[in-house]
Amino acid sequence: MSNEGEADRHLSPPKRQRSLSPDTSRPSKLPKSEPPRLPDERSEIAMGQRNPGLQRYLVAVEYIGTLFSGSQKQPAFRTVVGVLEEAFQKFIGQPVSVVCSSRTDAGVHALSNVCHIDVERISKRKPGEVLPPHEPVVVRRAVNHFLQKNEGDITVTDVRCVPPDFHARYKALERTYHYRILSGPEPLSAFEKNRAWHVPEDLDITAMKRASSILVGHHDFSSFRAAGCQANSPMRTLEELAVTEILPALYFPSIMERSATELLDLDTSRRISTSSDAKTVKSENGREFGHRLRHRCFVVTARSRSFLYHQVRLMVGVLKSVGTGDLTVSDVERILDAKTVTVASPMAPGCGLYLGNVKYDLP
């Protein structure tokens, strides 16, 4: 099973197992300033220290998650990490290991996910000769060249050189997710397929805003934690949970709106008379023939240092139920206090979820 984007399950790597000494005394604690590292992280750092030619890059990528079976590499499945590793290998001529800041499930998108990659530049003319590292702009251009030969649904948006101990996941200070909901009875546009959650009912945004405020802050989010979550604690601090209504994507102005925009410098009466003179061919239901009814578009934004497994999608599911009137605002407080996921509303589908940003204190 793939891991979803908001499932940043460990803020720090898992603790290493230590055996007790013969006298059965308790082992000494590790210093807080140096958290235990995963075996692969220790080997990465050690390799970076042994090999001065190894450069660690921090790479930001955007992708449409529809054709990916999640971000984490899986045998026989197309994943974000797998496609990135393949593109880097074609660029530098040797295998690399990609480490993502945040895991995303199948169908989940990213406006900006971040990973780190160690690259050693070896001369193609003189095998074995280590050359100075590539400039970030060269890495970005070359990797995108190979990515576009794939499905073209993933792009490197930024590259930066970082120290060998900079870890994309554990150095992240904050993660922001957005969830798109399109509300209205009109069937979903082909351009929006797999890009948003279509809710046919009207949504009460005022009630949704009140409900979201209950979840902001430091809480036990056990009621918004899916089975299989490996986090050590359900306690999380939700810095923001906002509900915003925006114009739907691929929004194009109508003839009346274009006329109004062009005449902003004229008086109101002239704008009204000009707009009313616009001639359109109407269909039987009063709409212009061939034009769709527009959906209302809502975006739920969640911001925190880390999230539990499926936490964002479970919270969105509850907020949607409040918006349709199936739950009340007081029900949300009851669900939070219950501390069990069995009382929550059905989870929102992955197609509407976007990893928006990962924040760092970059060197």
Side-chain angles (χ1 to χ4, degrees), residues 1-9 57-91 95-117 139-140 142-159 168-169 172 175-182 188-198 226 228-230 249-250 299-300 302 306-314 316 347-358:
M1 181 178 68
S2 59
N3 300 319
E4 186 174 299
E6 66 267 34
D8 305 306
R9 295 171 178 169
Y57 294 98
L58 199 64
V59 179
V61 294
E62 62 180 13
Y63 51 86
I64 300 168
T66 306
L67 299 181
F68 288 106
S69 296
S71 61
Q72 294 302 102
K73 194 171 183 179
Q74 303 176 65
F77 289 95
R78 184 174 185 264
T79 66
V80 173
V81 166
V83 169
L84 277 174
E85 288 183 350
E86 181 181 348
F88 266 91
Q89 183 168 353
K90 288 179 179 178
F91 166 43
V96 298
S97 178
V98 172
V99 179
C100 275
S101 67
S102 304
R103 300 171 181 176
T104 56
D105 250 351
V108 175
H109 318 289
L111 305 177
S112 182
N113 200 346
V114 181
C115 55
H116 73 250
I117 304 164
V139 175
R140 176 182 174 181
V143 174
N144 277 336
H145 168 75
F146 292 109
L147 288 175
Q148 295 312 306
K149 290 187 174 183
N150 205 287
E151 294 288 343
D153 51 3
I154 178 170
T155 301
V156 173
T157 60
D158 208 353
V159 179
R169 186 177 181 188
R175 295 168 172 87
T176 301
Y177 287 90
H178 303 289
Y179 196 98
R180 294 183 69 241
I181 302 174
L182 292 178
L188 206 61
S189 165
F191 294 102
E192 290 286 5
K193 184 181 180 182
N194 298 319
R195 309 293 173 85
W197 184 13
H198 180 213
C229 181
Q230 299 174 6
L250 289 176
V299 174
V300 179
S306 68
F307 294 85
L308 300 169
Y309 187 42
H310 287 172
Q311 180 181 345
V312 174
R313 289 166 63 186
L314 284 163
V316 171
M347 184 170 65
C351 61
L353 183 63
Y354 296 73
L355 172 57
N357 180 59
V358 184

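Since this is a predicted model, take the numbers as computed values, not measurements.
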| What is the minimum heavy-atom distance between Gly356 and His178, and which atoms define it? | CA-CD2, 3.8 Å
| request: May I ask you to test the Thr155-Leu147 pair for a side-chain heavy-atom distance under 4.5 Å? | output: no
| field | Glu192 vs Arg180, salt bridge (Lys or Arg N to Asp or Glu O under 4.0 Å): CA-CA, chis, key distance, verdict | value | CA-CA 10 Å; Glu192 290 286 5; Arg180 294 183 69 241; 3.0 Å; yes
| remark: Output for pair (Leu314 CG, Leu308 CG), nearest 0.5 Å, gives 9.5 Å
| query | Would you find a donor on one side and an acceptor on the other, under 3.5 Å apart, between the side chain of Asn144 and the backbone of Val156? | reply | yes
| request: Identify the heavy atoms of Gly228 and Tyr309 that sit nearest to each other, and give their distance. | output: C-CD2, 4.1 Å
| Within-4.5 Å side-chain heavy-atom neighbours: Val59 and Val143 | no
| task | For Glu62, enumerate each residue passing the salt bridge (Lys or Arg N to Asp or Glu O under 4.0 Å) test, keeping only those at least two apart in sequence or located in another chain. | result | none
| 4.5 Å side-chain heavy-atom contact, Val80 and Asn113 | no
| field | Approximate separation, where rounding is to 0.5 Å, of Trp197 CH2 and Tyr179 OH | value | 5.5 Å
| query | At their closest point, which heavy atom of Ser102 faces which heavy atom of Ser71, and how far apart are they? | reply | O-OG, 4.0 Å
| query | How long is the span from the CG atom in Asn357 to the CG atom in Leu111, to the nearest 0.5 Å? | reply | 9.0 Å
| Got Arg169 and Cys100 here, is their nearest side-chain heavy-atom distance under 4.5 Å? | no
| remark: Between Phe68 and Asp153, the two heavy atoms sitting closest are CZ-OD1, 3.6 Å
| query | So how far is it from Thr66 OG1 to Arg195 CZ, rounded to the nearest 0.5 Å? | reply | 5.5 Å
| Does some side-chain heavy atom of Val81 sit less than 4.5 Å from a side-chain heavy atom of Gln74? | no
| field | Minimum side-chain heavy-atom gap Gln72-Thr79 below 4.5 Å | value | no
| query | How far apart are the closest heavy atoms of Phe307 and Gln311, and which atoms are they? | reply | CA-OE1, 3.5 Å
| query | Is a donor on one side and an acceptor on the other found under 3.5 Å between the side chain of Asn194 and the backbone of Gly107? | reply | no
| said: Determine whether a donor-acceptor pair (N or O, by modelled atom type, separation under 3.5 Å) exists between the side chain of Thr157 and the backbone of Ala60. | reply: yes
| said: Using every non-hydrogen atom in the two residues, find where Leu188 and Ala196 come nearest and quote the distance to one decimal. | reply: CD2-O, 4.3 Å
| Counting distance only, does the side-chain N/O of Arg78 pair as donor-acceptor with the main-chain N or O of Ser69 below 3.5 Å? | no
| task | Measure from the side-chain N and O atoms of His310 to the backbone N and O of Cys229, and report whether any donor-acceptor pair falls under 3.5 Å. | result | no
| request: Calculate, to the nearest 0.5 Å, the distance between atoms CG and OG belonging to Leu355 and Ser112 respectively. | output: 7.0 Å
| query | Taking the six-membered ring for Trp, are His109 and Tyr354 parallel (under 30°), tilted (30 to 60°) or perpendicular (over 60°)? | reply | tilted
| message | The test is side-chain contact (heavy atoms from CB on, under 4.5 Å); show your working for Tyr63 and Thr104 and say whether it passes. | response | CA-CA 11 Å; Tyr63 51 86; Thr104 56; 2.8 Å; yes
| At what distance, to the nearest 0.5 angstrom, does OH of Tyr57 lie from CZ of Arg140? | 14.5 Å
